[in-house]
K.L.:
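Attaching a single structure in structure tokens format; questions to follow.
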Protein chains: 2
Amino acid sequence: MGRWKPDTSGRLERAAFELYLENGFAQTTVQEITERASVTTRTFFRHFADKRDVLFVGHDELRERVAKTIAAAPPAWSATKAAASGLNIAAAALQISRDEAQDRRSLITATPELRERELIMFAAVAGTISEALIARGVEDRAARVVAEAMVAAFRVAFEYWGEHPERELPQLVDEALDSLKEAFAPFGN
Amino acid sequence: MGRWKPDTSGRLERAAFELYLENGFAQTTVQEITERASVTTRTFFRHFADKRDVLFVGHDELRERVAKTIAAAPPAWSATKAAASGLNIAAAALQISRDEAQDRRSLITATPELRERELIMFAAVAGTISEALIARGVEDRAARVVAEAMVAAFRVAFEYWGEHPERELPQLVDEALDSLKEAFAPFGN
DNA sequence: ACAATGATGACATCTGGTGTCGTGGCGTGG
DNA sequence: CCACGCCACGACACCAGATGTCATCATTGT
């Protein structure tokens with residue numbers, strides 16, 4: 001038996017998530033979280049950069065998977081098709097942990113502070129995708145624009161998923177990307 | 001002569017902007033700002049929601065102008081063309097106050113806290129454009145996707161403007177939108 | 001057995017942000 | 001011309017998030 005209970009990080013994460021859902025994000029203090037997890041408040045900030053961070057752990061890892069997927073796409077594929085394959089991985093992952101993902105989503109959309117953080121995360125995803133496209137030979141600025149636009153489509157699909165939880169996220173993403181293609185088709189500009 | 005010096009809000013805004021540029025955003029305390037503006041710290045928070053807010057005043061007004069421009073676009077125009085006209089207004093406005101806009105841009109990109117706020121602002125712009133498109137008869141989800149994607153393009157152009165201040169922002173926005181059209185052209189999907 | 005390591009507790013402190021009440025100049029209506 | 005209410009700000013108290021620093025002690029490796 002160790003000096004302290006094991007899995008401090010996990011205990012903090014669960015305690016925080018529970019309390020955020022029970023009482024709301026703003027109404028939850030770090031002290032309450034650490035009391036439930038039986039650590040000091042100082043320890044909380046050793047594991048998470050701030051109160052919001054606890055809701056965004058694991059996204060870095062998912063981003064890596066997206067990047068690898070794009071890198072592994074057949075070289076013949078267009079930039080948009082390669083990027084779309086990456087976004088599909090992310091959508092599928094979220095679809096698997098649907099209920100938890102939706103709970104987190106509700107919290108985030110209800111809290112401006114968390115929305116800000118979410119947007120930073122999506123921006124990071126766009127940055128990663130952009131790099132992956134550049135690695136495939138896409139010109140710099142075009143890569144950035146395409147990555148940002150496609151992440152934007154993903155974001156809209158993700159929002160819509162919150163309003164229609166019974167739908168499947170990967171399909172919603174496909175539909176959003178189709179909207180893009182339709183809107184920017186060369187006629188009707 | 002009034003009981004207090006006039007234009008408290010303006011004095012605070014200028015003092016804050018100056019100090020942010022002189023010492024950096026994080027290194028500047030609200031107390032320093034209010035001392036320079038000769039008010040109490042409590043007064044600062046009566047005029048601005050938080051320390052970051054001071055750098056984003058006036059954007060609501062610009063957003064309104066964008067919305068009105070889109071609403072006033074010829075009904076025959078496509079959604080993308082109408083939205084583009086709105087973005088051009090914004091780009092032109094920023095181009096006019098180029099130096100100040102670039103100073104603000106530098107500050108924001110250098111400060112994660114401010115980037116978050118900037119993204120919220122762009123999200124608000126996308127929301128406004130989305131509404132304007134819906135008012136023109138565009139279907140809801142398509143409007144959201146198009147608005148977000150085009151704002152994303154604007155954002156990339158704006159970033160690029162920071163790296164190439166001698167270029168003209170409106171033209172950079174056009175180029176970014178062209179990238180979008182090219183990427184989502186129906187061949188090569 | 002002993003030293004290095006590393007996670008945590010304990011304590012102090014700073015700063016952003018909010019609630020509340022008092023105060024006095026200004027404008028409006030009688 | 002006076003009285004009244006409004007409104008911006010000062011003054012004060014207070015909370016919570018976040019950070020720096022040092023002590024502590026199980027674990028691990030030698």
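In the text below, chain A, chain B and the rest are named by the order of the sequence lines, each starting its count at 1. Just so you know, these numbers come straight off a predicted model, no measurement behind them.
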K.L.:
Go through residues 106-114 of chain B and report each residue with a non-hydrogen atom lying under 4.0 Å from DNA chain C, sorted by number.
P.N.:
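Heavy-atom cutoff 4.0 Å gives no residues at all.
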K.L.:
Tell me the interatomic distance from B/Gln31, atom CD, to D/dC12, atom P, rounded to whole angstroms.
P.N.:
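Result: 14 Å.
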K.L.:
Is the phosphate of C/dA7 approached by A/Thr8 (side-chain N or O, under 4.0 Å from OP1 or OP2)?
P.N.:
no
K.L.:
Taking the side chain from A/Thr111 and the backbone from A/Leu114, do they hold a donor-acceptor pair closer than 3.5 Å?
P.N.:
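No, because the side chain of A/Thr111 does not come within donor-acceptor range (under 3.5 Å) of the backbone of A/Leu114.
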K.L.:
Other residues, nucleotides and ligands only: do more than 12 of their heavy atoms fall within 6.0 Å of CD on A/Gln31?
P.N.:
no
K.L.:
Could you note down all residue pairs passing salt bridge (Lys or Arg N to Asp or Glu O under 4.0 Å) where residues 86-102 of chain B supplies at least one of them, sequence neighbours left out?
P.N.:
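Counting only pairs at least two positions apart or across chains, the salt bridge (Lys or Arg N to Asp or Glu O under 4.0 Å) contacts touching residues 86-102 of chain B are B/Glu100-B/Arg104.
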K.L.:
In whole angstroms, how far is the P atom of C/dG16 from the CZ atom of B/Arg117?
P.N.:
15 Å
K.L.:
Going by the rule side-chain contact (heavy atoms from CB on, under 4.5 Å), which residues pair with A/Ala153 if we only count those two or more places apart in sequence or in a different chain?
P.N.:
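A/Ala176, A/Leu177, A/Leu180, B/Val145.
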K.L.:
Would you call B/Arg52 and B/Glu118 a salt bridge, taking side-chain N to carboxylate O under 4.0 Å as the test?
P.N.:
no
K.L.:
What distance separates A/Glu13 CD from A/Ile33 CD1, expressed to the nearest 0.5 Å?
P.N.:
11.5 Å
K.L.:
Please work out if B/Ser9 contacts a base, only the sugar-phosphate, or nothing of the nucleic acid, heavy-atom cut-off 4.0 Å.
P.N.:
nothing
K.L.:
Check the distance between D/dA18's P and B/Asp50's CG and give it to me in whole angstrom.
P.N.:
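Taking CG of B/Asp50 and P of D/dA18, I get 14 Å after rounding.
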K.L.:
Do A/Glu148 and B/Arg155 meet the salt-bridge criterion of a basic N to acidic O distance under 4.0 Å?
P.N.:
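Salt bridge flag = yes for A/Glu148 with B/Arg155.
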K.L.:
Kindly give the atom pairs (protein nitrogen or oxygen, nucleotide nitrogen or oxygen) under 3.5 Å for nucleotides 23-25 of chain D.
P.N.:
unit_1: D/dT24; atom_1: O2; unit_2: A/Arg3; atom_2: NH1; d: 3.4
unit_1: D/dT24; atom_1: O2; unit_2: A/Arg3; atom_2: NH2; d: 3.1
unit_1: D/dC25; atom_1: O4'; unit_2: A/Arg3; atom_2: NH1; d: 2.9
unit_1: D/dC25; atom_1: O4'; unit_2: A/Arg3; atom_2: NH2; d: 2.9
unit_1: D/dC25; atom_1: O2; unit_2: A/Arg3; atom_2: NH1; d: 2.5

K.L.:
Within residues 11-22 of chain A, which residues have any heavy atom lying less than 4.0 Å from an atom of DNA chain C?
P.N.:
none
K.L.:
Side chain to side chain donor-acceptor pair (under 3.5 Å) with B/Glu163: which residues, sequence neighbours excluded?
P.N.:
A/Arg144
K.L.:
I'd like a table of donor-acceptor pairs (distance under 3.5 Å, sequence neighbours excluded) in which one partner is a side-chain atom from residues 39-47 of chain A, with atom names and distances.
P.N.:
unit_1: A/Thr40; atom_1: OG1; unit_2: A/Thr43; atom_2: OG1; d: 3.3
unit_1: A/His47; atom_1: ND1; unit_2: A/Ser9; atom_2: OG; d: 3.4

K.L.:
Can you measure B/Glu116 atom CD to C/dG16 atom P for me and round it to whole angstrom units?
P.N.:
16 Å
K.L.:
Going by heavy atoms closer than 4.0 Å, what residues in residues 32-47 of chain A are next to DNA chain C?
P.N.:
A/Ser38, A/Val39, A/Thr40, A/Arg42, A/Thr43, A/Arg46, A/His47
K.L.:
Could you give all pairs that pass the side chain to side chain donor-acceptor pair (under 3.5 Å) test and reach residues 122-133 of chain B, with sequence neighbours left out?
P.N.:
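Every pair satisfying side chain to side chain donor-acceptor pair (under 3.5 Å) with a residue in residues 122-133 of chain B: B/Arg63-B/Thr128.
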K.L.:
To which residues is B/Ile120 joined in a hydrophobic cluster, defined by side-chain heavy-atom contacts under 4.5 Å among Ile, Leu, Val, Met, Phe, Trp and Tyr, whether direct or through other members?
P.N.:
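B/Ile120 shares its hydrophobic cluster with A/Leu119, A/Ile120, B/Leu119.
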K.L.:
Could you give the CZ-to-C1' distance, from A/Phe25 to D/dA16, as a whole number of Å?
P.N.:
12 Å
K.L.:
For A/Glu175, what residues pass the side chain to side chain donor-acceptor pair (under 3.5 Å) criterion, not counting sequence neighbours?
P.N.:
A/Arg167, A/Gln171, B/Arg141
K.L.:
Which salt bridge (Lys or Arg N to Asp or Glu O under 4.0 Å) pairs, counting each pair once, include a residue from residues 15-31 of chain B, with sequence neighbours left out?
P.N.:
B/Glu18-B/Arg36, B/Glu22-B/Arg36
